[in-house]
Amino acid sequence: ASWTNNGTLTLTGGTYTFNGAATQNINPGATNTYNAVSISNTTNPGVVLATNGINVAAGLALAANARADMGGNATGATLTHTISAAITNAGYWTTSNCNFVFNTGNQTIPPNDAVTPGTSFTSRSITCITATKTLGAHLTCENLTINSGAALAASATPFNVNVSGNWTNNGTFTNSSNTVTFNGSTAINPNVTITAGASTFYNVSFSPSSAVSYSLATASTSITNNTTIGSNATLNLNTNSLTIGRNANVTKTITVNGTLYINENSRLLFDNRGGATAQCQMTVTGSSALLRIVGTNNANVATISRVAA
């Protein structure tokens, strides 16, 4: 049967199971806390949430071939779900139109399709509150936030991350040699802010489908392997430092097909340490390519240099 909560619901123990044999439309309520939730409804679309987000305190589990639509059919505001403890999916989990807050406990973010199986998890905005969240699939989202005290790990595979909006890291991001792609558009967010925090990127591609300006918001950002700035992208160092490369004898590259803007008091640094034969390489090519190095006076210069040995 369907379920509607028009009041306040707090379940501090046990497991709430949705196991219907037909579509179950669920309104968990504007104020709700479920202890643990289990979904075993295998009809299509199965369990559908379209009114309020759900808050789960002790884990969410989709059984084999179970289906849950966490708000992909919502016609109103995007739903926000808060999930604590373990998340397991052995079925089909539709999440493309939802925001997620991954709260307490170490968690693995599983693929949406665990049957075929798929290799991706897609949602709107994601916030990691505390503990370590490990990718179990390639992640696609609009805005990504890692709070202080939280960690997001790409796993040993590694899985890649696609972000169309802002990247805000106040905790820890472990890249495991993955690729982060900023693939938004003018319509999604024309002015994206990237806060790298104390963590490094490995490969980064700025490849929006239409014009987007990316501004660095951390005093020092490091991309340790390869960087690509697509023809629709502008990367603005924004009076901060960007380091390309690492202390290793491998070739590290930055390819500029769009605009790289090194403004006053900004520094672009190449880390060639350990590179007896392999060095950092920058290529500026294409009809849209532009390297802007603009200082305002002798005291406020734009700098291209190298990391000291």
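FYI, the numbering just counts along the sequence from 1. Just so we're clear, the structure is a prediction, and the values are computed from it rather than from any experiment.
- For the pair I262/T303, no side-chain contact is recorded, criterion being any heavy-atom separation below 4.5 Å from C-beta on.
- Side chains of N32 and N5: a donor-acceptor N/O pair is absent below 3.5 angstrom, by distance only.
- Remark: N240 CG to T218 OG1 distance equals 7.0 Å, nearest 0.5 Å.
- In summary, the side chains of T140 and N162 do present a donor paired with an acceptor at a separation below 3.5 Å, with no hydrogens or angles considered.
- A donor atom on one side chain and an acceptor atom on the other are found under 3.5 Å apart for S241 and R267.
- Remark: side-chain polar atoms of N112 are paired, donor with acceptor, to backbone N or O of T122 under 3.5 angstrom.
- No side-chain heavy atom of V180 sits less than 4.5 Å from a side-chain heavy atom of N160.
- For V307 against L269, the heavy-atom pair with the smallest separation is CG2-CB, 4.2 Å.
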Evaluate the criterion ring pair (Phe, Tyr, Trp, His ring centres under 6.0 Å) for residue pair W167 and Y214; output intermediate values, then yes/no. CA-CA 10 Å; W167 176 289; Y214 300 92; over 10 Å; no
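- Using a 4.5 Å heavy-atom threshold, the side chains of N178 and V161 count as touching.
- In this structure the side chain of F18 reaches within 4.5 angstrom of the side chain of I26, judged on heavy atoms.
- In this structure, Y34 and I54 have side chains that are in contact, with non-hydrogen atoms separated by less than 4.5 Å.
- In this structure, T43 and T23 approach most closely via the heavy-atom pair OG1-N, 3.8 Å.
- No hydrogens or angles considered: nothing links the side chains of N147 and N170 as a donor-acceptor pair under 3.5 Å.
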Between N226 and T253, does the side chain to side chain donor-acceptor pair (under 3.5 Å) criterion hold? Intermediate values first, please. CA-CA 5 Å; N226 297 322; T253 67; 2.9 Å; yes
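- At least one side-chain heavy atom of N257 sits less than 4.5 Å from a side-chain heavy atom of T228.
- Ring orientation note: the planes of F121 and W93 are tilted relative to one another, at an angle of 30° to 60°.
- Between the side chains of S84 and T104, at least one donor N or O sits under 3.5 Å from an acceptor N or O.
- Nearest heavy atom pair, residue L60 against residue I39, reads CD1-CD1, 4.3 Å.
- Aromatic ring orientation, F100 versus F102: parallel (interplanar angle below 30°, classes split at 30° and 60°).
- Looking at heavy atoms from C-beta onward, Q281 lies out of side-chain contact with K252 at the 4.5 angstrom threshold.
- Using modelled atom types and a 3.5 Å distance limit, the side chains of N99 and T80 yield a donor-acceptor pair.
- A cation-pi geometry, defined here as NZ or CZ lying under 6.0 Å from the six-membered ring centre and within 45° of its normal, holds between R292 and Y261.
- Counting only heavy atoms from C-beta outward, the side chains of Y16 and N35 never approach each other to under 4.5 Å.
- Note: the hydrophobic cluster containing Y92 does not contain L62 (ILVMFWY, side chain heavy atoms under 4.5 Å, direct or indirect links).
- A continuous path of ILVMFWY side-chain contacts below 4.5 Å connects I83 to W3, so both sit in one hydrophobic cluster.
- Between the side chain of N41 and the main chain of A22, a donor-acceptor pair closer than 3.5 Å is present.
- In this model, no donor atom of one side chain and acceptor atom of the other lie less than 3.5 Å apart for S210 and N232.
- Counting all heavy atoms, side chain and backbone alike, S199 lies closest to G171 at OG-O, 4.0 Å.
- The two residues C141 and R124 come nearest to each other via the heavy atoms CB-O, 2.9 Å.
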Between side-chain atoms of residues 188-198 and protein atoms elsewhere (two or more places apart, or another chain), which donor-acceptor pairs fall under 3.5 Å?
residue : atom : partner : partner atom : Å
N189    : OD1  : N191    : N            : 3.0

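- The two atoms that bring A85 and A58 nearest to each other are CB-C, 3.6 Å, heavy atoms only.
- Cluster partners of V101, by chain and number: I129. The rule joins Ile, Leu, Val, Met, Phe, Trp and Tyr whenever side-chain heavy atoms lie under 4.5 Å apart.
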